[in-house]
Asks: 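Mind looking over this structure? Questions follow.
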Amino acid sequence: MSPTPQQRRAARHQLGTDSSAPGARRGPSGGRKKPITVDAIISTAFGIVEAEGYEALTMRRVATALETGPSSLYAHVVNKEDLDELLIGRLCAGIDLPEPDPAVWRQQIISVCTQLRDQYLRYPGISQAAFAAAPSNLDTLRVGEGMLAILLAGGIDPQAAAWAIDSLSLYVNGYSLEVSVANGRLGRTDDDGWVVSRDELLRRFAALPATFPQTKRYAAELTAGTLHDRFDFTIGLMVDGLPGSQRNA
């Protein structure tokens with residue numbers, strides 16, 4: 001008897017993500033199509049997100065792209081949440097984790113966060129899949145393990161380090177989602193006016209009434225920098241605020 005999706009999922013968590021045994025296709029065209037595997041499902045899902053955004057990703061949409069029915073997918077993936085976990089795990093597998101170094105731990109943890117950001121931004125909105133999810137995929141856990149090791153090497157208290165991983169990950173996820181939403185609006189005509197240029201923001205701030213003196217006075221500062229400048233500032237602020245971070249910087 002073939003293993004159930006739940007058994008395959010448990011095996012992935014113990015041994016790492018595998019491609020699983022290919023699923024047999026049914027019907028007259030079955031022999032002419034590529035077999036269904038976990039890898040094929042993941043690759044197809046990424047293609048959908050890259051082209052249409054995360055909101056377009058459903059099990060039915062993946063099945064249609066693979067020219068099969070949803071039931072064929074459930075032989076390999078338990079449900080949409082399982083697919084989300086596989087997608088985030090695949091992105092985490094591409095993160096380069098350095099050997100923890102007390103002398104440069106700050107740069108190392110910022111580098112990991114930046115890599116996560118860049119992975120998420122490749123696929124619009126995909127960081128949503130990482131929200132409110134307890135990591136169990138080994139590739140995802142590997143990143144958490146690496147971040148914890150870096151923070152501990154920097155002399156950060158274990159409890160503070162544990163909560164810092166959660167906070168940093170949450171910020172990276174939220175930042176990536178905001179950028180994806182903003183980029184999506186820039187590419188649409190029905191939302192014209194929601195995402196504006198810096199010049200337009202400065203004009204609007206200048207036109208505010210006198211009851212907004214600080215906003216008018218510091219409009220240049222409020223609108224300065226690129227999105228990634230703000231990302232670097234916030235991540236640095238969070239890292240520098242950790243107990244022991246200044247001592248070991």
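All figures in this text were calculated on a predicted structure; none of them were measured in a lab. Numbers for residues simply follow the sequence, beginning at 1.
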Asks: Does the side chain of S180 pick up a donor-acceptor pair with the side chain of N183 at under 3.5 Å?
Replies: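 Side chains of S180 and N183: no pair found under 3.5 Å.
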Asks: May I ask you to decide if A224's main-chain N or O and R230's side chain share a donor-acceptor pair within less than 3.5 Å?
Replies: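 Judged by distance alone, yes, a pair lies under 3.5 Å.
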Asks: So do V179 and Y120 actually touch side chain to side chain, heavy atoms under 4.5 Å?
Replies: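 Sidechains of V179 and Y120: no contact.
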Asks: Determine, for F46 and R90, whether the Lys NZ or Arg CZ falls below 6.0 Å from the six-membered ring centre while staying within 45 degrees of the axis.
Replies: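 No; the conditions do not both hold, so R90 does not lie above the ring face of F46.
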Asks: Taking L227's backbone N and O only, do any of them form a donor-acceptor pair with Y175's side chain (distance below 3.5 Å, no angle check)?
Replies: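 Looks like yes, one N/O pair under 3.5 Å.
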Asks: For the pair S136 and E85, evaluate side chain to side chain donor-acceptor pair (under 3.5 Å) and give the outcome as yes or no after the intermediate values.
Replies: CA-CA 8 Å; S136 54; E85 188 175 62; 2.4 Å; yes
Asks: Looking only at heavy atoms, what is the nearest atom pair of H76 and I36, with distance?
Replies: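 Taking H76 first and I36 second, the nearest heavy atoms are NE2-O, 3.3 Å.
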Asks: Scan residues 124-161 for pairs that pass ring-ring contact (aromatic ring centres under 6.0 Å, His included), counting only residues two or more places apart or in two chains.
Replies: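 Residue pairs with at least one partner in residues 124-161: there are none.
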Asks: Under 3.5 Å, side-chain donor or acceptor atoms of residues 211-222 against the rest of the protein: list the pairs with distances, not counting sequence neighbours.
Replies:
residue, atom, partner, partner atom, Å
K216, NZ, A206, O, 2.7
K216, NZ, L208, O, 2.9

Asks: Hey, is the main chain of G47 close enough, under 3.5 Å, to the side chain of E50 for a donor-acceptor pair?
Replies: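 Not confirmed, E50 side chain does not pair with G47 backbone.
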Asks: How about Q107: does its CD atom have over 12 heavy atoms from other parts shown lying under 6.0 Å from it?
Replies: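 Yes, enclosed.
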Asks: Less than 4.0 angstrom from a charged side-chain N to a carboxylate O is my criterion; do K80 and D84 meet it?
Replies: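 Yes.
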Asks: Closest heavy-atom contact between A65 and T44?
Replies: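 Scanning both residues completely, I find the closest heavy atoms to be CB-CG2, 3.5 Å.
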Asks: Would you please say whether a donor-acceptor pair under 3.5 Å links the side chains of S176 and R117?
Replies: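 Judged by distance alone, the side chains do not pair up.
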Asks: Who else is in F233's hydrophobic cluster (ILVMFWY, side-chain heavy atoms under 4.5 Å, direct or via others)?
Replies: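 Its cluster partners, ordered by chain and number, are L237.
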Asks: Sub-3.5 Å donor-acceptor pair from the side chain of Q108 to the main-chain atoms of E99, do we have one?
Replies: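 Yes; at least one donor-acceptor contact below 3.5 Å.
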Asks: For M59 and V77: C-alpha separation, side-chain torsions, deciding distance, then whether side-chain contact (heavy atoms from CB on, under 4.5 Å) applies.
Replies: CA-CA 9 Å; M59 296 294 282; V77 180; 4.2 Å; yes
Asks: More than 12 non-hydrogen atoms from neighbouring residues, nucleotides or ligands closer than 6.0 Å to CZ on R60, yes or no?
Replies: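 For R60, atom CZ is not crowded (no more than 12 foreign heavy atoms under 6.0 Å).
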